[in-house]
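Notes for the one structure printed next.
Nothing here was measured: the structure is a model prediction, and the numbers come from that model.
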Amino acid sequence: MQFADIIIPLGVENFFTYSVPTEYEGTVAVGGLVVVSFVKNKRYTGVVYALHSNPPVGFETRPIERVIEEGFALSASHLKFLLWLSEYYMAPPGEVTRAALPVAMRLESYTSLCLAADWQEDGTGGVELSLMEREVIGVFRQNGEICMAEVEKLLRRKDVYVAVRSLLEQGIIQVKESVDDLFKPKLERLVRWARVFSGEELGKIIDSLKRAKAQQKMLCDWIMYCDEHHTDSLPKAEFTGVIGNSTAALKGLCERGVLEVATIEVSRLDSTGEEVQEMHALSGEQERALEQVRGHFKERDCVLLQGVTSSGKTEVYIHLIEETIRQGKQVLYLLPEIALTVQIVKRLRRVFGDRVGVYHSGMTDSARAEMWRRQNGENPYPVVLGVRSSIFLPYRNLGLVIIDEEHEASYKQKEPAPRYHGRDAAIMLGKMNGAKILLGSATPSFESYQNAMSGKYGFVELTTRFGEVMMPELMFVDVKEYRRKKMMKGSFTPVLYEEMKRVLERGMQVILFQNRRGYSTFLQCNHCGAILKCKHCDVSMTYYRFRNTLNCHYCGSLRPVPTVCEECGQGHYVNRTPGTERIEEEVKQYFPEARVARMDLEVMSNKVKFRALIEEFEAGNLDILIGTQMVSKGLDFERVKLVGVMDADSLVSFPDFRAEERAYDMLMQVSGRSGRKGEQGKVVIQVADRENRVYRLVEKGSFHGFYSFLSREREMFHYPPFSRLIQIELRHVNEYSLRNAANELARKLRERLERRVCGPAEPEVARVRKMYRIQVLIKAEQGLSLSKLKTFIRQKCDELLKGESGKGLKVYFDVDPL
DNA sequence: AGCACGCCGACT
DNA sequence: GTCGGCGTGCTC
């Protein structure tokens with residue numbers, strides 16, 4: 001008898017052993033996809049992890065029900081890659097598999113029931129049927145093939161299970177498991193109103209839910225969400241994320257007939273029929289860069305290409321892609337976010353036409369499945385352009401991996417698990433496939449730059465902007481000074497105000513950049529502008545108003561707010577929290593003529609609104625665009641002559657050891673928006689903390705200087721790239737139990753890891769959906785065995801979970817957190 | 001993930 | 001007492 005260990009694509013830790021029916025022996029292979037029943041008669045697509053002949057003890061195995069053929073199997077190297085990911089990021093294989101297989105391929109069946117074909121009305125075989133049983137039969141007669149939940153709904157009661165069960169046993173009804181074909185337009189689950197409710201009705205329902213607090217909360221949140229987003233339905237996955245993830249509450253609301261989970265068909269993807277054009281000729285510098293990249297690839301797998309904005313990195317990529325596919329090999333081109341880089345898709349398609357496949361989260365499930373199948377088949381796209389999840393597609397003979405904007409934090413997946421880094425995973429994918437890897441950025445991550453400087457990666461630079469585009473003029477303006485002189489116009493220094501006026505008078509455009517601050521607030525001296533930092537970690541401390549204390553997000557230390565400024569001894573600390581809405585109001589006040597628009601998260605989340613706004617601005621129907629981070633990326637506007645950074649201090653003062661690195665990047669990106677062809681643009685950067693070293697380093701304009709200056713500190717404090725970090729997050733409903741558990745864990749870990757253990761420290765958002773969170777950070781210096789370390793950590797966490805303080809405790813790992 | 005089981009608090 | 005909500009554990 002043969003057995004197969006199967007990975008079920010759920011967040012479960014273990015493998016599950018199934019028996020291989022004799023007719024499938026030889027067909028079932030490691031990496032293959034199989035259909036198995038798991039819990040009751042629910043079916044899942046699983047991945048074969050191993051085949052063996054050791055009968056498991058302690059439970060009966062169930063048979064594999066079906067083997068999925070037709071080119072859906074994972075290759076050995078694909079499976080190996082997924083298992084590496086699971087191991088490295090301390091994520092259960094099931095979780096990784098769930099991320100790797102498009103939803104449409106993770107079929108799960110809905111157990112449906114119907115009347116047995118051979119059953120006849122009068123042929124009760126002498127057995128008396130109960131009233132309930134007869135009612136159930138009636139329902140089936142009317143509705144044909146339906147599932148349990150529907151029987152319950154139609155009969156408006158929940159105790160039908162016994163009757164259905166009994167009917168099943170008598171053979172009057174039968175289970176009909178329909179396993180859908182993998183290609184059939186797959187269905188998406190949608191949460192929506194069961195019917196239309198009036199406000200009055202909703203009020204009554206909310207009142208009636210007094211005893212069901214979770215349901216009440218969920219319903220209220222849902223009503224608010226619908227109002228805000230002008231919608232009345234939401235895919236279930238999103239619903240779980242945005243509204244709440246209590247399945248019990250959702251179920252309750254469905255049973256009450258308030259909401260329903262409907263199954264909706266989703267459509268397929270389109271293809272481009274664009275004319276293929278010649279590649280652009282490279283400039284001298286680009287040609288030289290390309291030559292250097294080729295040279296490095298002869299000896300090394302990875303090359304870092306650092307190119308200032310508009311230096312034409314993409315053109316270099318295009319030439320490398322062309323060479324690679326000419327050799328019959330595949331290319332993976334990774335981007336941090338597809339939405340803002342439509343231009344790249346266009347450029348690639350202009351040269352490579354239909355040889356470019358695009359893969360991103362905006363695609364429908366079936367489209368993703370189709371892409372997956374195509375890549376696994378005879379005629380895969382030679383070039384895949386996509387976001388981080390593209391690493392999960394099958395690759396035949398990968399020759400080149402390009403990771404554009406490799407420093408972008410959005411490469412790191414946070415929720416849902418697995419928490420992997422798209423860049424690092426892609427590097428590993430490339431290595432496992434013997435491909436070359438090209439990392440590109442204007443402001444590389446310290447990790448990659450360190451690798452380049454140490455000689456592990458090849459390093460190539462592009463230092464001049466392409467064409468007649470000049471670098472903009474940077475002006476740092478001291479807000480503090482004008483504030484003292486009472487010369488501020490709201491949030492505008494006279495310098496920024498005058499520059500804006502000048503640009504607007506010429507009919508040109510302005511972008512104002514206001515950093516989105518997340519939840520944390522920091523304290524700044526109202527006299528000298530100094531920002532309060534932690535004494536041990538060199539990150540700004542987070543201010544908690546209700547406790548009036550300062551908390552270090554990294555080492556966990558707490559301290560009261562000093563009454564006078566520790567730097568100048570004169571001013572006192574004030575809370576800083578600006579916002580884009582206020583800036584908009586001020587603009588309207590000071591520039592009543594100007595046409596203003598705000599681009600924030602709301603606009604960003606709506607594709608139609610976003611595109612409309614960009615078009616308006618491009619067409620010159622808007623004069624001023626106010627935005628957060630997003631305006632710093634990918635958007636090129638001809639007529640923008642001025643970029644104003646409202647409050648650069650908020651970039652620098654994030655409670656994070658990477659804050660300065662990110663601030664540097666953002667200032668560079670923002671500057672890149674100003675002044676395109678011919679004319680030099682201006683960037684006005686308003687700062688209070690004028691002495692901050694980041695500004696000095698930005699002014700000097702040398703990335704290398706910036707890196708060498710800050711990397712010494714990173715090394716001293718044992719931060720990446722000189723150490724690896726593993727973050728352990730504990731969650732619990734009870735704050736005290738959580739603290740106890742965290743302290744116990746930290747103590748256990750310290751027994752062996754000693755000073756490598758930091759914390760427990762409270763995260764910025766200390767409570768999420770009723771769960772308190774706390775984090776323990778492990779710093780592993782170079783040379784320490786990561787796999788041994790992870791085993792040790794996991795072992796200690798398991799001990800904790802099994803012990804007294806493990807009740808109700810949840811443990812999450814984040815390897816290489818950002 | 002989703003289902004059964006069991007605890008606990010409200011209500012006849 | 002009993003009913004129903006909500007947290008916990010398990011699934012081959």
At a cut-off of 3.5 Å, list every protein nitrogen or oxygen paired with a nitrogen or oxygen from nucleotides 9-12 of chain C, distance to 0.1 Å.
{"from": "C/dC12", "atom 1": "OP2", "to": "A/Arg62", "atom 2": "NE", "distance (Å)": "3.3"}
{"from": "C/dC12", "atom 1": "OP2", "to": "A/Arg62", "atom 2": "NH2", "distance (Å)": "2.7"}
{"from": "C/dC12", "atom 1": "O3'", "to": "A/Thr17", "atom 2": "O", "distance (Å)": "3.1"}
{"from": "C/dC12", "atom 1": "O3'", "to": "A/Arg62", "atom 2": "N", "distance (Å)": "3.1"}
{"from": "C/dC12", "atom 1": "O2", "to": "A/Thr17", "atom 2": "N", "distance (Å)": "2.5"}

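- When all heavy atoms are compared, the tightest approach of A/Ser390 to A/Tyr395 is O-OH, 2.7 Å.
- Regarding A/Lys213, its NZ atom lies at a distance of 13 Å from the P atom of C/dG5, rounded to whole Å.
- Straight-line distance from the NZ atom of A/Lys217 to the P atom of C/dG5: 18 Å, rounded to whole Å.
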Using side chain to side chain contact (heavy atoms under 4.5 Å, CB included), reason through A/Gln727 and A/Arg419 one step at a time and then give a plain yes or no.
CA-CA 11 Å; A/Gln727 187 181 69; A/Arg419 298 175 180 79; over 6 Å; no

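- What separates NE2 of A/His732 from P of C/dT8 is a distance of 8 Å, to the nearest Å.
- A/Gln216 has its CD atom 10 Å from the P atom of C/dC6, to the nearest Å.
- When distances run from any side-chain atom of A/Lys236 to the nucleotides C/dC6, B/dG2, B/dA1, the shortest one goes to B/dG2.
- Atom CG in A/Leu250 sits roughly 15 Å away from atom C1' in B/dC3 (whole-Å rounding).
- Applying the ring pair (Phe, Tyr, Trp, His ring centres under 6.0 Å) rule to A/His78 yields the partners A/Trp372; only residues at least two apart in sequence or on another chain are considered.
- One finds a side-chain N or O of A/Arg256 lying less than 4.0 angstrom from the OP1 or OP2 phosphate oxygen of C/dG5.
- For A/Arg739, the CZ atom sits in a loose shell: 12 or fewer heavy atoms of surrounding residues, nucleotides or ligands are nearer than 6.0 Å.
- Taking atom NZ of A/Lys251 as the reference point, atom P of C/dG5 lies 10 Å away to the nearest angstrom.
- Residues passing the ring pair (Phe, Tyr, Trp, His ring centres under 6.0 Å) test with A/Phe239 are A/Trp222, sequence neighbours excluded.
- Here A/Ala248 lies out of heavy-atom contact (under 4.0 Å) with every strand.
- Here the C1' atom of nucleotide C/dG4 and the NZ atom of A/Lys210 are 17 Å apart, to the nearest Å.
- For A/Arg211 and A/Thr247, each mapped to the nucleotide of DNA chain B holding its nearest heavy atom, the one lying further toward the 5' end belongs to A/Thr247.
- Between B/dA10, B/dA1, C/dC6, one nucleotide has an atom nearer to the side chain of A/Arg98 than all others, and that is B/dA1.
- Of the candidates A/Phe392, A/Tyr88, A/Trp84, A/Phe392 is the only one forming a ring-ring contact (aromatic ring centres under 6.0 Å, His included) with A/Tyr420.
- Enclosure of atom CZ in A/Phe59 by more than 12 non-hydrogen atoms of other residues, nucleotides or ligands within 6.0 angstrom is indicated.
- Regarding A/Leu209, its CG atom lies at a distance of 14 Å from the P atom of B/dC11, rounded to whole Å.
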